Amino acid sequence: MANTAFQPRVFSGIQPSGGLTLGNYLGALKRFADMQNEGNFETIYCMVDLHAITVWQDPADLKRKTRELCAGFIASGVDPEKSILFNQSQVPEHAQLAWIFNTVARMGWMNRMTQFKDKAGKNRENASLGLFAYPSLMAADILIYHATHVPVGEDQKQHLELTRDIAAKFNHDYGVDFFPMTEPVIEGAATRVMSLRDGSKKMSKSDPSDMSRINLTDDADAIAAKLRKARTDPDALPSEVDGLAERPEARNLVNIYAAFADMTVEQVLADVGGKQFSEFKPMLAELAVAQLSPISAEMSRLMQDQEEIDKILRRGAERAREITEPILAKTYDIVGLVR
Ligand code: TRP
């Protein structure tokens with residue numbers, strides 16, 4: 001079915017399972033805010049707490065991280081008036097549609113999911129049933145809104161394919177054109193932020209070295225120090241993109257600069273080609289501090305007002321349910337559930 005029948009709607013989710021890094025900001029939050037502001041889509045953003053608990057979460061930590069993630073969304077420019085911003089557990093239709101999808105998705109499809117294999121590791125027998133069903137809940141997150149576009153990282157591509165397979169099988173089995181074929185919007189290489197210690201690894205909140213990442217809660221001194229100490233090679237910066245080919249650390253810093261300066265990598269290199277890192281790193285630090293310190297300041301301000309955050313989440317869930325309730329009711333009807 002042509003997606004033109006569905007109104008342009010963006011959905012994306014982030015797990016409230018760890019602190020936010022520069023990688024989350026440039027790869028997800030900033031893009032989410034941009035998509036909200038472009039005005040081509042209705043935008044819906046979710047803290048996927050039900051996904052987080054597919055692996056063990058300390059309850060008090062989970063609450064704190066959910067609120068911190070909400071503060072991170074808002075501080076990054078996601079406006080809870082313009083976008084719908086909420087936590088997944090408070091919109092029960094996600095879990096309800098996921099159950100229907102558990103009856104649509106095939107064991108064989110789920111067995112092929114590489115993220116499950118990675119997360120379950122060697123000890124698959126001991127993984128939770130929820131971890132196995134994770135992609136079915138993710139399909140429900142997306143399709144309970146009839147979302148047409150989902151901005152995600154490269155690593156989520158397979159889950160988006162599964163979402164389309166579930167939608168197609170549901171439509172086919174029940175003889176309807178009810179769920180759209182949702183398109184992933186994959187992040188560009190320039191927004192994939194790598195570790196400051198190893199340019200071949202993604203910047204991650206789980207890396208044991210705090211020097212490998214910039215946290216959205218880092219203050220100006222910490223940001224500047226981490227960028228100053230970032231690993232690089234001894235050569236000067238190239239003037240052409242080709243010159244970054246075998247230099248992952250150099251490329252990462254140039255990508256970060258380009259994202260902050262709102263320039264292309266070509267433009268950045270035209271300006272800084274020939275400079276040594278000793279000169280480039282302070283320029284990058286200045287730019288990073290200027291853009292990130294208002295975000296960390298706003299996050300800590302919001303974190304001091306828990307009631308305000310909870311109010312925003314409750315209001316977001318109410319607005320979300322205006323969309324999800326009729327779609328779930330229609331789904332139940334299609335499936336033959338009497339009400
Ligand atoms: N699985 C996604 C991740 O780990 C998070 C997620 C859950 C998600 N539901 C979603 C992303 C729906 C996009 C749309 O990044």
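Just so you know, ligand 1 is whichever comes first in the structure, and atom 1 is the first atom listed for that ligand. Just so you know, these numbers come straight off a predicted model, no measurement behind them.
Using a 4.5 Å heavy-atom threshold, the side chains of L269 and E240 count as separate. The shortest side-chain heavy-atom distance between I214 and L292 falls under the 4.5 Å cut-off.
No side-chain donor from either of N255 and N252 sits under 3.5 Å from a side-chain acceptor of the other. Q115 and Q156 share a side-chain donor-acceptor pair at under 3.5 Å.
In terms of protein heavy atoms, atom 1 (N) of ligand 1 is closest to Y134 OH, 2.6 Å. Residue, atom and distance of the protein heavy atom nearest to atom 5 (C) of ligand 1 are G13 O, 3.6 Å. Of the protein's non-hydrogen atoms, F11 CE2, 3.5 Å is the one closest to atom 12 (C) of ligand 1. With hydrogens left out, the protein atom closest to atom 9 (N) of ligand 1 is D141 OD2, 2.7 Å, a heavy atom.
By the criterion of a heavy-atom distance under 4.0 Å, neither the backbone nor the side chain of D155 is placed next to ligand 1.
Heavy-atom proximity to V152, at under 4.0 Å, picks out these atoms of ligand 1: 11 (C), 13 (C). Taking every non-hydrogen atom of H51 and a distance limit under 4.0 Å, the qualifying atoms of ligand 1 come out as 7 (C), 9 (N). Listed by number with element, the atoms of ligand 1 under 4.0 Å from a non-hydrogen atom of V48 are 7 (C), 9 (N). Residue V150 has at least one heavy-atom neighbour below 4.0 Å for each of these atoms of ligand 1: 13 (C), 14 (C).
Remark: ligand 1 and Q156 share an N or O pair separated by less than 3.5 Å (distance only, no angle test).
Note: Y174 and F170 meet the aromatic proximity criterion, with ring centroids under 6.0 Å apart. Aromatic ring centroids of Y145 and H94 lie under 6.0 Å apart.
Other residues, nucleotides and ligands place more than 12 heavy atoms under 6.0 Å from the CD atom of E266.
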